[in-house]
Amino acid sequence: MDFAIGLSLVNGISGQISQIVGDFRRLDGVTDEVMKQLSEFKNISITGGLLAGVGVKGLQATLDVLEDCVSEAATLQSTSIDLKIAMFGDDLLEQSKLPEIEAKMAEIEGKAMDISLNTVFNQNEIEQSMLALSKGGMDTDFILESAAEVNAKFAEVVGSKAADTADATVRLQAGFQLAEEQMQEGLDWVVKYADSAPIKALPLQEHIGVPAATAMNLWGNRDNMTNLKETMELMAVTAGVSGGGEDITATRVRSFLDVMGKSVNAMTEKQVQWMEGAGWLTESGESIFLDPQTGSAINIETDEKILESAKERLSNSQFSNLVDIIFGERGKITASALAKKSDEYDVLTVRERAARKNTVDTRAAELEQTASFQMGILEESIHTLQATIGKPFLEPIAKTLQTVVNPALKQTADFFRNHPEITKYMAVIAAGASSFLILAGSIMMAIGLVGSFKLIWAKAGTQIIAHFVPILSTLGVVTAVIGVIAGLAFVVYK
């Protein structure tokens, strides 16, 4: 394809020249020396056509790559503007704060690039995840220091988009009131429990916020991480047997926990009667699901034992009626799931199994050793480079970078980010080089054709002039192309 335009010119002109040469050879007085000179002019014309064709093709390739890079850069710019508005809000209206905001945005964009070059997400996707974290109420400094990177690592481990997991990450942290330094541990436990029970990490993360408020009220006297872990345990051990998706499981768990935290004073008379009949009241007449010392709910493994014991003592119909009356339509399904003895999915077994599973960082490190993961990094790094450079030489650079390790991609992106003036002039040089080839090739064609014309005119006069009319029309097209290129070069330079 690189010589397509040149070959087209050559095919159109060389055929006409060959016809002229053939006719010219038959004229009287044409010597071998004259034919040799004519052949040289012909070769000059053909070479000129090739150079002009390559020049046209080179300019087209330059413009195509520039269009791709500008498109990537425009998309990233739009996300960056949204991110700036979300993070700084009304401060953008105060002129005195703008320099500080611009410096902070440069830091944010630099962090997004750094994360993108170490994960399977491009810079635009990372900034979109930062936007989601910011809209969720996370502090800008926390997003910069760790939240964006922790969320991105989690997203690539669970096979999701970083922006999609960001919303759930915010809900998980806010729902269980985790400190900033606890967020990574919280996501670690999501992955650990998903690896230990019939529940998937992404749905678990997305829906764990549903019972969060109830769990925090239920176990208010304990540390927040323990509350998160036991809520996930409850979802993990009941998800596979209670039916429905993780969203339904989360709703049922919330209903179950709501009853677990109730005092008998908050129950109906019928519920109290059934609690007493099941032996679920203490000597003081309070629910055995409440800790007598603190008044808060007891832990999940004790709940499980109480329910398993009741199921063994009662008939199926009696137990079904009991949990229906006490826990309600939704909560009874969670209670029934807990009551089913299972050596594989009881609370303590799942807890111990989860404790031995790998963290997000360890899982990510394992993924990084795979070829598919490295190809993902490479592909998204090229997108980041396109947005960063935004100039016509990105395509050859990207092809070269594909043959080296990803650290080289990081260094290249950093270089062009820190030296934007270089990219401006490289675009002009690339376009100028293509224009030069077109101009030089066209001049060579003109030299060859004029020389041929003069030589033939001297020998043949008007006998052969008609043959040059098609060639002159072709030169007219080339001249028009040069005029267009001159205009484009002016636009690029400006």
Side-chain angles (χ1 to χ4, degrees), residues 69-119 121-155 161-184 186-187 209 224 380 383-391 410 413-425 427 494:
C69 295
V70 169
S71 177
E72 289 282 351
T75 300
L76 179 59
Q77 183 185 49
S78 177
T79 302
S80 297
I81 291 173
D82 290 341
L83 185 58
K84 182 190 293 186
I85 294 172
M87 286 185 166
F88 301 104
D90 292 341
D91 288 347
L92 293 169
L93 301 176
E94 298 186 30
Q95 292 293 324
S96 61
K97 295 184 178 180
L98 292 183
E100 180 182 352
I101 290 174
E102 291 303 321
K104 198 69 173 179
M105 280 303 300
E107 184 181 357
I108 291 168
E109 290 170 2
K111 181 65 174 180
M113 174 181 284
D114 291 341
I115 295 173
S116 75
L117 295 172
N118 287 282
T119 62
F121 308 112
N122 60 48
Q123 183 176 347
N124 185 59
E125 290 173 321
I126 295 299
E127 289 196 19
Q128 286 178 338
S129 72
M130 288 178 164
L131 178 61
L133 293 173
S134 180
K135 286 183 175 181
M138 274 193 188
D139 180 70
T140 298
D141 288 334
F142 176 44
I143 293 174
L144 267 176
E145 290 168 5
S146 62
E149 186 168 5
V150 168
N151 177 74
K153 291 284 186 182
F154 175 81
K161 293 289 186 182
D164 292 342
T165 59
D167 289 331
T169 295
V170 169
R171 291 195 298 271
L172 183 146
Q173 186 197 23
F176 289 92
Q177 302 171 27
L178 299 181
E180 292 179 355
E181 63 272 13
Q182 291 181 303
M183 194 186 85
Q184 180 162 0
L187 293 176
N224 298 344
E380 297 306 331
H383 284 295
T384 296
L385 279 170
Q386 284 181 313
T388 305
I389 298 173
K391 299 299 178 184
K410 303 177 192 176
D414 285 338
F415 174 81
F416 285 116
R417 180 179 64 187
N418 296 326
H419 301 85
E421 69 280 358
I422 294 178
T423 63
K424 172 184 175 182
Y425 294 108
K494 292 297 285 183

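Taking the side chain to side chain donor-acceptor pair (under 3.5 Å) definition, one finds that Thr165 meets it with Asn151, sequence neighbours left out. In this structure, the salt bridge (charged side-chain N to carboxylate O under 4.0 Å, His left out) partners of Glu149, at least two apart in sequence or on a different chain, are Lys111.
Within the model, atoms OG of Ser116 and CD of Glu109 stand 12.0 Å from one another, a figure rounded to the nearest 0.5 Å. Here Gln128 contributes atom CD and Asp164 contributes atom CG; the two are 9.5 Å apart, rounded to the nearest 0.5 Å. For the atom pair CG (Leu133) and NZ (Lys135), the distance works out to 12.0 Å, reported to the nearest 0.5 Å. Note that CD of Glu145 is 10.5 Å distant from OG1 of Thr140, once rounded to the nearest 0.5 Å. We find the CD1-CE distance between Ile108 and Met113 to be 14.5 Å, quoted to the nearest 0.5 Å. With values rounded to the nearest 0.5 angstrom, Glu181 atom CD is found 8.0 Å from Phe142 atom CZ.
The two residues Ala163 and Ala132 have their closest heavy-atom pair at O-CB, 4.1 Å. In terms of heavy atoms, Ala166 sits closest to Ser129 at CB-O, 3.6 Å. Pairing each heavy atom of Ala152 with each of Phe121, the nearest pair is O-CE1, 3.3 Å. Nearest approach of Asn118 to Asp114, heavy atoms of both residues: ND2-O, 2.8 Å.
Applying the side-chain contact (heavy atoms from CB on, under 4.5 Å) test between Val150 and each of Thr169, Ile143, Leu187 identifies Leu187 as the sole match.
Two residues are said to be in side-chain contact when any heavy atoms from C-beta on lie closer than 4.5 Å; Gln173 and Gln182 fail this criterion.
In this structure, the side chain of Ser134 does not engage the main chain of Leu131 through any donor-acceptor pair within 3.5 Å.
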Indicate every side-chain donor-acceptor pair of residues 96-106 with a distance under 3.5 Å to a residue at least two apart or in another chain.
| unit_1 | atom_1 | unit_2 | atom_2 | d |
| --- | --- | --- | --- | --- |
| Lys97 | NZ | Asp91 | OD1 | 3.1 |
| Glu102 | OE2 | Lys84 | NZ | 3.0 |
| Lys104 | NZ | Asp141 | OD1 | 2.8 |

